[in-house]
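All remarks here apply to the structure that follows.
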There are 2 protein chains.
Amino acid sequence: MQPEISDQIFYAFLTGGLCASSTSTTVTSSSDPFATVYEDKALASLRNHKEAERKRRARINSHLNKLRKLLSCNSKTDKSTLLAKVVQRVKELKQQTLEITDETIPSETDEISVLNIEDCSRGDDRRIIFKVSFCCEDRPELLKDLMETLKSLQMETLFADMTTVGGRTRNVLVVAADKEHHGVQSVNFLQNALKSLLERSSKSVMVGHGGGGGEERLKRRRALDHIIMV
Amino acid sequence: MQPEISDQIFYAFLTGGLCASSTSTTVTSSSDPFATVYEDKALASLRNHKEAERKRRARINSHLNKLRKLLSCNSKTDKSTLLAKVVQRVKELKQQTLEITDETIPSETDEISVLNIEDCSRGDDRRIIFKVSFCCEDRPELLKDLMETLKSLQMETLFADMTTVGGRTRNVLVVAADKEHHGVQSVNFLQNALKSLLERSSKSVMVGHGGGGGEERLKRRRALDHIIMV
DNA sequence: GAGTACACGTGAAAC
DNA sequence: TGTTTCACGTGTACT
C-alpha cells in the first residue's frame, strides 16, 4: 500500500535531519548545504504532528484505564479483551435496566396489556391463562376494584407482582379462567374491564383530593392513601 | 528515546529488502551479494509481525465498532470521544441499576432500616420524621400489621412506596411522629417493632401454607394472597 | 526463540 | 490553511 521508506525520511536521512539528538537541528542547518528554511519548517511540522499523536494516544489510553477501573479489571488486561468485556457489560446493563423499567417500575404513561399465555400452561386443559398488566396512577380503591372485576369475570388470580412508587403503580397478574366460560376472545373482555378501571382511576384523580397541594406531593400522598385503606 | 532510523531498516534499505514490492524478495536474495538465509528469515519474521499487528488492530477496532452500535454513535465518531461516552454510559447504567435494586426491588435477604430524616423536614418543628424501609417475604397480613404497629406508636404515614415481586416485598415509608411523644431515640422503637413484624413474617412462612408445593411457586402464591386480602 | 502486546513516528485523508 | 484522526510498520519488552 505505502512505501516502506518514504521520500521524506530518505531525504531527511541523507541530510542527517532525523538523528536521535534533535537538538542539533540548528547546527545541521548551518553546516549542511541542503539545509534550508523549508527543511526547518518541515521538521517543525513533523514535531508538532508527533506531539499531537502522542496526546491523542494518551487521551485514548486514559479512557481505557477508566474503563479498566469501572470493570475492576487488572491494569494488565490487554486492550482487546478489555473492550470485549466492556461490550458485554454494556449489553448486560442495558438489558437489565430495560427489564426492570419495562416489567416492574411504573412508567409515566398509562398502559394496559392482556396476553393469552395458554401455551405456557402445564397441561391444564380446562383453564385458559392470561397475563394482565397495567400501569396507572395509584388510588385507594384500585386493587379492590380490580379484584371485584376479576371476580365478576369468574377469573382466578394465580399470582401477582405489584409495584407502587411515587404514586404510580404497575401491576402484573396471571389469571386463570374456566374454558367453559372463556376463550381467547376473552382477552377483549379483560382489556375493556381494565380500561374502565383506569378511567375510573383518572376520574378519581380529578375529583378526589379536592384540596390544593403540590403536584409531585399529591402523587406520593395517594400511595399513602392506599396503605391506609388496607 | 529510540533512533529515528534503526540499524535494521538501514541495513535492509541498503540491500533493497524493504522496497514496496515485497514479492521480489527472492530475486533480490539471489542477485544481491548481501543476501543470506538470515536475511530471508528476518524478513519472514517481520512479515509475521506485521500481520499479527494488523490482526490485533482489527480486533480492537471490531470491538470499538460494536460499542458504536450499542451507543448508537455515528460510525465516524472518533475513538477518544466514543470511549469517553462509553465511560459515561457505563457509569450511568451502573448507578441506575444500583439505585433501583437498592431502593425499589426486593432483595433476597431480609433488611430493616430506620432513619431519622428530621433535618429534611420543611420547618415542621412539632414533628419528627423517620424513613422506614424493610425487605422481607410477603404475607397476607403484613401491611395490616404494619399499619397497626405504626398506629400504636402514634405515628402517621406521610407516604409510602411498595414493591412486591415474586413473593418478596420491599416497603419504604416516611412516617411522622409528634415530638411530645417521640425523639431521635424512637428510631430504636421503630426498629424493634419492625423486627418483631418480620419475625412474625418468618413464623407465618414456616407455619402457614402447610400444604406442599414448589418452593418458587409458593413464593408467588403469597403475592396472590396479599391481593386477595385487600 | 516464537508469540503477543504496546507505544511510537509517520503518511494520508478529512475538514 | 493547519489541525485532527486514522492505519500502518516498526522497535521493544514480556512470556
Side-chain angles (χ1 to χ4, degrees), chain A residues 1-23 25 37-68 73-86, chain B residues 1-23 25 37-68 73-86:
Chain A
M1 292 298 179
Q2 55 181 356
E4 303 283 344
I5 292 199
S6 73
D7 297 342
Q8 191 173 7
I9 292 189
F10 180 29
Y11 173 76
F13 175 73
L14 288 183
T15 58
L18 281 180
C19 64
S21 52
S22 58
T23 54
T25 300
V37 192
Y38 302 109
E39 187 188 329
D40 279 354
K41 269 192 177 178
L43 288 178
S45 173
L46 264 185
R47 216 172 41 235
N48 285 342
H49 186 28
K50 200 194 317 193
E51 187 62 18
E53 184 64 12
R54 229 179 70 89
K55 285 182 180 169
R56 174 178 163 272
R57 280 194 300 263
R59 228 176 313 148
I60 292 174
N61 282 332
S62 150
H63 291 136
L64 287 176
N65 283 330
K66 287 179 202 158
L67 286 172
R68 265 183 255 264
C73 275
N74 183 345
S75 70
K76 219 34 200 165
T77 316
D78 74 90
K79 295 183 182 178
S80 188
T81 60
L82 168 65
L83 287 176
K85 285 181 180 177
V86 171
Chain B
M1 291 298 181
Q2 54 181 357
E4 302 283 344
I5 293 200
S6 73
D7 297 343
Q8 191 173 6
I9 292 191
F10 181 30
Y11 173 75
F13 175 72
L14 288 184
T15 58
L18 280 181
C19 65
S21 53
S22 57
T23 56
T25 301
V37 192
Y38 303 109
E39 188 189 330
D40 278 353
K41 270 193 177 178
L43 287 179
S45 172
L46 263 185
R47 216 170 43 234
N48 286 342
H49 186 29
K50 198 194 319 191
E51 187 63 18
E53 183 62 14
R54 230 178 71 90
K55 286 181 179 168
R56 174 178 163 270
R57 279 193 301 262
R59 227 177 317 149
I60 292 175
N61 282 333
S62 151
H63 291 136
L64 288 177
N65 284 329
K66 287 178 203 158
L67 287 172
R68 265 181 257 264
C73 275
N74 183 345
S75 69
K76 220 37 205 163
T77 316
D78 73 270
K79 296 184 183 178
S80 188
T81 59
L82 168 66
L83 288 175
K85 284 181 180 177
V86 171

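Side-chain atoms are counted along with the backbone in the values below, which use heavy atoms only and exclude waters and symmetry mates. What you see is a predicted model; the values in this text were computed from it and never measured.
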Within this structure, what is the [atom1]-to-[atom2] distance between [X] and [N], rounded to whole angstrom?
X        : N       : atom1 : atom2 : value
Leu64(B) : dT5(D)  : CG    : P     : 14 Å
Asn48(B) : dG3(C)  : CG    : P     : 7 Å
Arg54(B) : dT10(D) : CZ    : C1'   : 16 Å
Asn74(B) : dT5(D)  : CG    : C1'   : 14 Å
Leu82(A) : dT4(C)  : CG    : P     : 19 Å
Asp78(B) : dC6(D)  : CG    : P     : 5 Å
Asn65(A) : dA7(C)  : CG    : P     : 9 Å

Measuring to OP1 and OP2 of [N], would you say a side-chain N or O of [X] lies under 4.0 angstrom away?
X        : N       : answer
Lys76(B) : dA14(C) : no
Asn61(A) : dC6(C)  : no
Arg59(B) : dA5(C)  : yes
Lys55(B) : dT4(C)  : no

Discussion item. Please compare Ile60(A) and Glu51(B) by the position of their nearest nucleotide in DNA chain D and report the one closer to 5'.
Written reply: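 On the 5' side of the pair lies Ile60(A).
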
Worksheet item: So which one's nearest nucleotide on DNA chain D is more toward 5', Thr81(B) or His49(B)?
Response: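 Looking at the nearest nucleotide for each, Thr81(B) comes out on the 5' side.
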
Worksheet entry | Main-chain N/O of Thr77(B) paired to Asn74(B) side chain as donor or acceptor, under 3.5 Å |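 Here the side-chain-to-backbone pair does not exist.
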
base_contact_polar ([N] base, [X] side chain, donor-acceptor, <3.5 Å):
X        : N      : answer
Glu53(A) : dC8(C) : no
Arg47(B) : dG9(D) : no
Arg56(B) : dG3(C) : no

Residue pair [X] / [Y], side-chain heavy-atom distance below 4.5 Å:
X        : Y        : result
Asn65(B) : Arg68(B) : yes
Ser80(B) : Arg56(A) : no
Lys79(A) : Arg59(B) : no

Discussion item. With side-chain contact (heavy atoms from CB on, under 4.5 Å) as the criterion, how do Leu83(A) and Leu64(A) come out once you've worked through the C-alpha distance, each side chain's angles and the decisive distance to 0.1 Å?
Written reply: CA-CA 8 Å; Leu83(A) 287 176; Leu64(A) 287 176; 3.9 Å; yes

Practice prompt. Tell me which nucleotide among dG11(D), dG9(C), dC6(D) gets nearest to the side chain of Lys50(A).
Written response: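 Of the candidates, dG9(C) comes closest.
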
